[in-house]
Amino acid sequence: MHNNVDSLFEQLWSNYLEVTPSAVKVHELLGSTQQDDVINDHIALRTFNHEKIGLEKLAAHFKAVGYKECGEYHFEAKKLYAKHYEHSDPSKPKVFISELLLEKCSEELQAIVAKMIDGIDESAVTAENFLYSGTHWQVSHETYKKLLEESEYAAWMSAWGYRANHFTVSINYLANFETIEAVNQALKDAGFPLNTSGGEVKGSPEVLLEQSSTLADHHPVEFSDGKFEIPSCFYEFALRYNKPDGELYTGFVAASADKIFESTNAR
């Protein structure tokens with residue numbers, strides 16, 4: 001496990017850029033001359049609710065560098081459970097970790113995932129690089145497509161494994177943009193396709209959080225039966241509002257997150 005929160009996020013970021021080249025262009029579009037104008041609101045990671053690699057196993061890596069559990073979320077239709085974590089230093093990114101509830105999935109899906117998990121060495125899960133270690137197995141493109149029919153989430157995991165599914169620009173800290181609509185318009189003008197599931201803007205000032213996201217880049221994956229281009233990772237944008245007590249809202253809105261998951265859907 002990392003002993004430094006910043007080095008952990010640097011590794012997660014460089015690993016994310018390997019399969020999400022558009023993220024660099026987004027930075028150039030939204031940042032000014034100061035690269036650190038682009039503040040990361042949160043990252044998200046995916047896993048399965050299996051004792052070997054469940055949500056808590058991933059969370060342990062963040063707890064080791066000062067994170068605490070702050071909220072839980074249920075996604076009935078997608079068969080997911082999630083928690084979010086915050087650091088004692090509020091300038092550090094929040095972390096959103098979800099897991100697929102395998103017992104709610106078909107026996108076929110459970111068998112495929114069980115085989116994938118068998119390939120993971122116990123020691124790999126606590127290794128410093130686990131959160132950006134990718135896949136510990138190899139599936140065929142046929143298996144990927146089969147998983148896709150039932151769960152986009154499971155298919156994505158089969159191809160990409162352990163890595164940040166997305167990073168998120170905090171609009172609150174951007175020097176040149178004040179609204180999420182202005183950010184979305186700049187992205188569209190620059191040719192970035194946006195996730196329109198549930199509308200371009202998910203959430204509202206009433207729920208204290210507005211979110212939007214690009215659609216995932218397409219990136220080649222070496223499957224056991226060949227190389228295929230599939231959706232990889234995406235970039236999200238979040239604008240947070242103050243709660244009645246004047247403090248910035250730091251949680252997540254399940255109805256909005258539900259649609260954000262669809263940013264990795266094939267297009």
Side-chain angles (χ1 to χ4, degrees), residues 5-6 8-17 19-45 67 70-71 84-96 164-217 232-253 255-257 259-264:
V5 62
D6 295 328
L8 171 56
F9 277 93
E10 278 160 24
Q11 294 290 343
L12 284 160
W13 173 250
S14 60
N15 173 254
Y16 164 81
L17 288 184
V19 300
T20 323
S22 69
V24 176
K25 298 183 190 129
V26 169
H27 264 231
E28 289 165 0
L29 182 69
L30 300 181
S32 59
T33 46
Q34 258 60 48
Q35 262 307 291
D36 52 5
D37 278 357
V38 180
I39 301 290
N40 179 23
D41 180 84
H42 71 271
I43 64 163
L45 295 117
Y67 278 81
C70 290
H84 99 265
Y85 301 81
E86 295 178 26
H87 196 271
S88 50
D89 173 354
S91 72
K92 302 299 178 204
K94 287 165 279 294
V95 175
F96 188 90
N165 168 266
H166 62 270
F167 274 70
T168 309
V169 172
S170 171
I171 299 171
N172 297 70
Y173 294 98
L174 289 177
N176 306 329
F177 297 88
E178 292 192 358
T179 67
I180 195 164
E181 289 79 10
V183 170
N184 288 349
Q185 194 58 53
L187 290 162
K188 288 188 288 188
D189 291 347
F192 290 97
L194 297 186
N195 169 347
T196 56
S197 175
E200 279 181 8
V201 177
K202 293 94 169 95
S204 65
E206 287 72 40
V207 295
L208 307 178
L209 176 63
E210 290 180 314
Q211 295 164 275
S212 66
S213 59
T214 62
L215 287 176
D217 281 10
S232 56
C233 305
F234 60 95
Y235 218 147
E236 190 189 313
F237 311 89
L239 181 64
R240 295 179 177 277
Y241 290 87
N242 287 338
K243 297 180 293 189
D245 65 6
E247 293 287 315
L248 203 61
Y249 177 69
T250 57
F252 292 86
V253 178
S256 302
K259 303 300 184 197
I260 294 284
F261 277 116
E262 295 172 24
S263 303
T264 49

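If you read the sequence from its start, that first residue is 1, and numbering goes on from there. These numbers were taken from a predicted model, which means no experiment stands behind them.
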> Is a side-chain donor-acceptor pair under 3.5 Å present for H42 with Y85?
Replying inline: no
> Is a side-chain donor-acceptor pair under 3.5 Å present for D217 with T20?
Replying inline: no
> In terms of side-chain heavy atoms, does S197 have a donor or acceptor partner in E262 at a distance below 3.5 Å?
Replying inline: yes
> How far apart are the C-alpha atoms of N242 and E247, what are their side-chain angles, what is the distance that settles it, and do they pass the side-chain contact (heavy atoms from CB on, under 4.5 Å) test?
Replying inline: CA-CA 5 Å; N242 287 338; E247 293 287 315; over 6 Å; no
>> Between Y241 and E206, is there a side-chain donor-acceptor contact under 3.5 Å, judged purely by atom types and distance?
In response: no
> Above 12 or not: heavy atoms from other molecules or residues under 6.0 Å from CD of E181?
Replying inline: yes
>> Under a 3.5 Å distance rule, please check whether R240 uses its side chain to pair with a backbone N or O of L248 as donor and acceptor.
In response: no
> Could you go step by step and tell me if V95 and L45 meet the side-chain contact (heavy atoms from CB on, under 4.5 Å) rule?
Replying inline: CA-CA 8 Å; V95 175; L45 295 117; 4.2 Å; yes
>> Can you tell me how far apart OG1 (T179) and CG (N184) are? Round to the nearest 0.5 Å.
In response: 8.0 Å
> Among V183, V201, I171, which residue meets the side-chain contact (heavy atoms from CB on, under 4.5 Å) test with E210?
Replying inline: V201
> Can you tell me if Y16 uses its side chain to pair, donor with acceptor, with the backbone of Q11 under 3.5 Å?
Replying inline: no
> Aromatic ring centroids of H166 and W13 under 6.0 Å?
Replying inline: no
>> Minimum heavy-atom separation for L239 and E178, please, with both atom names.
In response: CD2-O, 4.0 Å
> Given the rule in the ring-ring contact (aromatic ring centres under 6.0 Å, His included) test, do H84 and F96 qualify, once you have shown the distances and angles that lead to the verdict?
Replying inline: CA-CA 4 Å; H84 99 265; F96 188 90; 7.5 Å; no
> Between F234 and T264, does a side-chain contact (heavy atoms from CB on, under 4.5 Å) hold up when you go through it step by step?
Replying inline: CA-CA 7 Å; F234 60 95; T264 49; 3.6 Å; yes
> Taking all non-hydrogen atoms of both residues, which atom of L29 and which atom of A186 are closest, and how far apart?
Replying inline: CD2-O, 3.6 Å
> Quick one: does D41's side chain get under 4.5 Å of K94's, heavy atoms only?
Replying inline: yes
> Between the side chain of N195 and the main-chain N/O of K259, is any donor-acceptor distance below 3.5 Å?
Replying inline: yes
>> Run the side-chain contact (heavy atoms from CB on, under 4.5 Å) test on L187 and F237 for me, step by step, so that the C-alpha distance in whole Å, both residues' side-chain angles and the decisive distance to 0.1 Å come before the verdict.
In response: CA-CA 11 Å; L187 290 162; F237 311 89; 3.4 Å; yes
>> Nearest 0.5 angstrom please: S91 OG to N40 CG, how far?
In response: 11.0 Å
>> If you compare all heavy atoms of N172 against all heavy atoms of A238, which two are closest, and at what distance to 0.1 Å?
In response: OD1-O, 3.8 Å
> Going by heavy atoms in the side chains, are F192 and S22 under 4.5 Å from each other?
Replying inline: yes
>> For L209 versus F252, what's the shortest heavy-atom pair and its separation?
In response: CD2-CA, 4.1 Å
> Quick check: does any side chain N or O of S232 sit under 3.5 Å from a backbone N or O of V19, one acting as donor and the other as acceptor?
Replying inline: yes
> Does I39 offer a backbone N or O that forms a donor-acceptor pair with the side chain of S170 under 3.5 Å?
Replying inline: no
> Is the shortest distance from a Lys or Arg side-chain nitrogen in K92 or E86 to a carboxylate oxygen in the other one below 4.0 Å?
Replying inline: no
> Which pair of heavy atoms, one from I43 and one from F9, lies closest together, and at what distance?
Replying inline: CD1-CE2, 3.7 Å
>> Please find the pair of heavy atoms, one from A164 and one from C233, that lie closest to each other, and give the distance.
In response: O-SG, 3.5 Å
>> Using only atom types and a distance under 3.5 Å, with no angle test, would you say the side chain of S213 pairs donor to acceptor with the backbone of I260?
In response: no
